[in-house]
Amino acid sequence: MPPRSRQEIVLALSEHRRALEGVHLRDLFAADRQRFDKFSLEAAGLFLDYAKHRITDATLPLLLELARSAGLEARRDAMFRGERINVTEDRSVLHTALRNRGSDPLMVDGSDVLPQIRTVLEQMAGFCRAIRSGALTGATGQRIDAVVNIGIGGSDLGPVMVCEALEPLLDGPRPHFVSNVDGAHLGRLLKTLDPERTLFIVASKTFTTQETLANARSARAWLAARLGEAAVGRHFCAVSTNLEATASFGIGPERVFAFWDWVGGRYSLWSAIGLSIMLAAGPERFDGLLAGAWDMDCHFRNAPIARNMPVLMGLIGVWYVNFWDVHAQAVLPYDQGLHRLPAYLQQLDMESNGKRTALDGTPLTYATGPIIWGEPGTNGQHAFYQHLHQGTGWTPADFILPLHSHYPMGEHHAMLVANCLAQSQALMQGKDAAQVRAELAAQGVDPARAEELLPHRLFPGNRPSSTLVLDRITPHSLGALIALYEHKVFVQGTLWGINSFDQWGVELGKQLAGHLLRDMGAGAPEPGVDASTAGLLRRYLGSLQKTENKAR
Ligand code: G6Q
């Protein structure tokens with residue numbers, strides 16, 4: 001039989017979705033004792049339970065057919081080969097090369113990129129060893145004990161998330177992160193730092209980012225005011241693809257760590273952008289992170305798509321967005337160290353797949369990337385889980401659970417695990433009227449009052465989730481986890497036919513901020529600025545005027 005067209009597959013999926021209307025997950029579990037074994041999978045040290053999803057034996061074959069019709073395998077292979085799949089920026093997409101441990105060359109524009117990658121990794125490792133051992137000191141001979149990564153977006157979120165996750169294993173200088181152009185971010189940190197013992201990393205792919213350059217200049221001025229201009233070179237280094245700009249900032253070439261335009265910002269923690277991670281955790285642990293990601297890359301590249309973790313997660317997400325009209329995805333790590341993971345995934349997913357234009361430039365007629373949000377459990381349980389359980393809409397959730405804690409303390413971890421499992425169980429099962437009535441009767445609530453309370457105490461259940469289990473957070477498991485999500489985003493972007501690797505949507509605001517900054521210099525909004533923006537700008541300028549008058 002010839003393969004069905006995309007339209008035919010979509011129709012079949014829509015019909016299948018209608019057939020599942022009113023089918024409760026509780027009943028699917030009751031009807032199939034093999035459900036957990038069937039709908040779970042292990043890869044690169046991670047275990048995925050996807051049994052609590054609105055799927056039957058018929059669902060995944062249809063979704064896989066959709067994936068094949070979108071050319072998923074061919075596009076995946078093209079990415080790994082270094083083809084220029086980022087068409088709007090005319091670039092290869094090769095964050096996977098950064099963790100490539102294979103021996104085959106990887107040619108981009110006629111040259112093998114792997115030796116370049118390994119050279120920079122060695123340069124980073126040499127620098128990190130020298131700082132960590134104290135062989136390389138600050139200008140006054142003091143050992144460096146604090147590292148400040150100045151960067152934003154992709155030059156911040158990955159390193160900060162990883163350093164938080166690996167906190168129990170950090171044995172180098174303390175890592176700090178400054179991203180916001182709000183002076184409070186840098187100012188609050190500087191109060192706690194000793195300039196003689198501080199190293200600043202200016203992390204910026206382009207080295208033109210307004211926020212990062214403002215923070216870097218202020219940090220530089222703070223240091224120079226305390227240790228003198230001549231000390232700057234010993235307390236600054238840079239990570240960038242723009243070597244001219246780093247030089248004009250005054251950072252010597254031996255302290256600049258390069259990367260390449262085929263590494264997207266939000267995919268860059270594996271590159272020199274991860275220098276803060278390597279300084280804090282050491283080159284061996286950084287290597288462990290790369291090894292974990294590489295294991296997931298190999299799984300993604302080689303496992304059949306029907307048993308492929310990023311593929312399955314991506315397809316299940318597409319199932320909800322496009323066939324159940326659900327446009328949110330919660331990320332709920334049951335690990336305090338992963339508290340920045342939701343924010344990290346928010347960028348990874350929403351900047352990659354928050355798109356409304358197909359690769360060929362036509363407007364899409366279907367929905368794409370969902371809203372990603374979350375908080376670590378159990379905090380979320382005492383906050384927004386009310387909405388997850390009883391809100392009018394529902395949100396599929398990813399529960400992420402390490403089996404062991406780096407901080408074993410009494411019953412804490414058992415309580416955490418119990419809470420995690422209970423939440424996905426509660427979302428799936430719900431609580432029906434008979435259960436609520438029985439509970440209220442057992443509490444001695446009179447029957448009339450029980451009937452009044454009943455609707456408020458019902459839980460509809462049938463709310464889907466995945467549970468991702470790790471043995472514990474290690475560089476390896478964390479690397480695999482991050483790569484899993486990178487590839488999940490790739491799978492979804494491919495099914496939606498969009499370019500997951502550009503981010504034109506962040507440009508307009510930047511442009512307008514530039515105009516407004518110019519208007520501020522001129523003391524008035526430009527003619528033609530809309531009344532709201534002009535009014536707000538005048539209010540700001542007026543408040544400046546008042547402050548100046550008072551000061552006089
Ligand atoms: C990520 C985006 C964006 C970028 C920042 C910082 O994919 O491109 O978040 O990382 O805007 O850019 P620079 O590293 O160039 O300063």
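Atoms within each ligand, like the ligands themselves, are counted from 1 in listed order. No experiment lies behind these values; they were computed from the predicted model shown.
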Colleague: Begin from the C-alpha positions of Arg91 and Asp502 and carry the test salt bridge (Lys or Arg N to Asp or Glu O under 4.0 Å) through to its verdict.
Modeller: CA-CA 10 Å; Arg91 287 176 185 166; Asp502 62 11; over 6 Å; no
Colleague: Any Lys/Arg nitrogen of Asp156 or Arg340 sitting under 4.0 Å from an Asp/Glu carboxylate oxygen of the other?
Modeller: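 Looking at Asp156 and Arg340, the cut-off is not met.
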Colleague: Specify the protein heavy atom at minimum distance from atom 6 (C) of ligand 1: its residue, its atom name, and the distance to 0.1 Å.
Modeller: Ile152 O, 3.2 Å
Colleague: So which of Gln210, Gln347, Arg266, Glu211 gets nearest to atom 3 (C) of ligand 1, if we judge by its closest heavy atom?
Modeller: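 Looking at heavy atoms only, Gln347 sits closest to atom 3 (C) of ligand 1.
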Colleague: Identify the protein heavy atom lying closest to atom 8 (O) of ligand 1, giving its residue, its atom name and the separation to 0.1 Å.
Modeller: Gln503 CD, 3.6 Å
Colleague: Between atom CG of Leu157 and atom CG of Leu341, what is the distance when rounded to the nearest 0.5 Å?
Modeller: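 Here the rounded value is 11.0 Å.
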Colleague: Among all protein non-hydrogen atoms, which one is nearest to atom 15 (O) of ligand 1, and what is the separation to 0.1 Å?
Modeller: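 Here the nearest protein heavy atom works out to Thr206 OG1, 2.6 Å.
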Colleague: Which option, Glu507, Glu351, Lys510, owns the non-hydrogen atom nearest atom 2 (C) of ligand 1?
Modeller: Glu351
Colleague: Could you check whether Arg101 pairs with Asp295 (Lys NZ or Arg NE/NH1/NH2 to Asp/Glu carboxylate O, under 4.0 Å)?
Modeller: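 Between Asp295 and Arg101 there is no salt bridge, as every charged N stays at least 4.0 Å from the carboxylate O atoms.
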Colleague: Which of the numbered atoms in ligand 1 are below 4.0 angstrom from a heavy atom of Gly265?
Modeller: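 Here the atoms of ligand 1 in question are 1 (C), 7 (O), 10 (O).
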Colleague: Between Ser204 and ligand 1, is there a nitrogen or oxygen pair with a distance under 3.5 Å?
Modeller: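 Such a contact does occur with ligand 1.
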Colleague: Is any side-chain N of the basic residue among Glu167 and Arg174 closer than 4.0 Å to the acidic one's carboxylate O?
Modeller: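 Salt bridge: no.
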Colleague: In the complex you have, is atom 11 (O) of ligand 1 within reach of the protein, judged by whether a heavy-atom distance drops under 4.0 Å?
Modeller: no
Colleague: Can you tell me which residue and heavy atom of the protein come closest to atom 4 (C) of ligand 1, and the distance to 0.1 Å?
Modeller: Gly154 N, 3.8 Å
Colleague: Numbering the atoms of ligand 1 from 1, which are under 4.0 Å from a heavy atom of Ser155?
Modeller: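 Atoms satisfying the 4.0 Å criterion: 10 (O), 13 (P), 14 (O).
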Colleague: Knowing that exactly one of Gln347, His95, Glu486 qualifies, which makes a side-chain contact (heavy atoms from CB on, under 4.5 Å) with Arg266?
Modeller: Gln347
Colleague: With a distance cut-off below 6.0 Å to the six-membered ring centre and an angular limit of 45° from the axis, does Arg132 pair with Phe286 as a cation-pi contact?
Modeller: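 Checked: cation-pi criterion not met.
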Colleague: Is it true that Phe257 and Phe127 have ring centroids separated by less than 6.0 Å?
Modeller: yes
Colleague: Below 4.0 angstrom from a heavy atom of Thr209, which ligand 1 atoms are there? Numbered from 1 as shown, please.
Modeller: 12 (O), 13 (P), 15 (O), 16 (O)
Colleague: Could you tell me whether some N/O pair between Lys205 and ligand 1 is separated by less than 3.5 angstrom?
Modeller: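 Yes - when backbone and side-chain N and O of Lys205 are compared with those of ligand 1, one distance drops under 3.5 Å.
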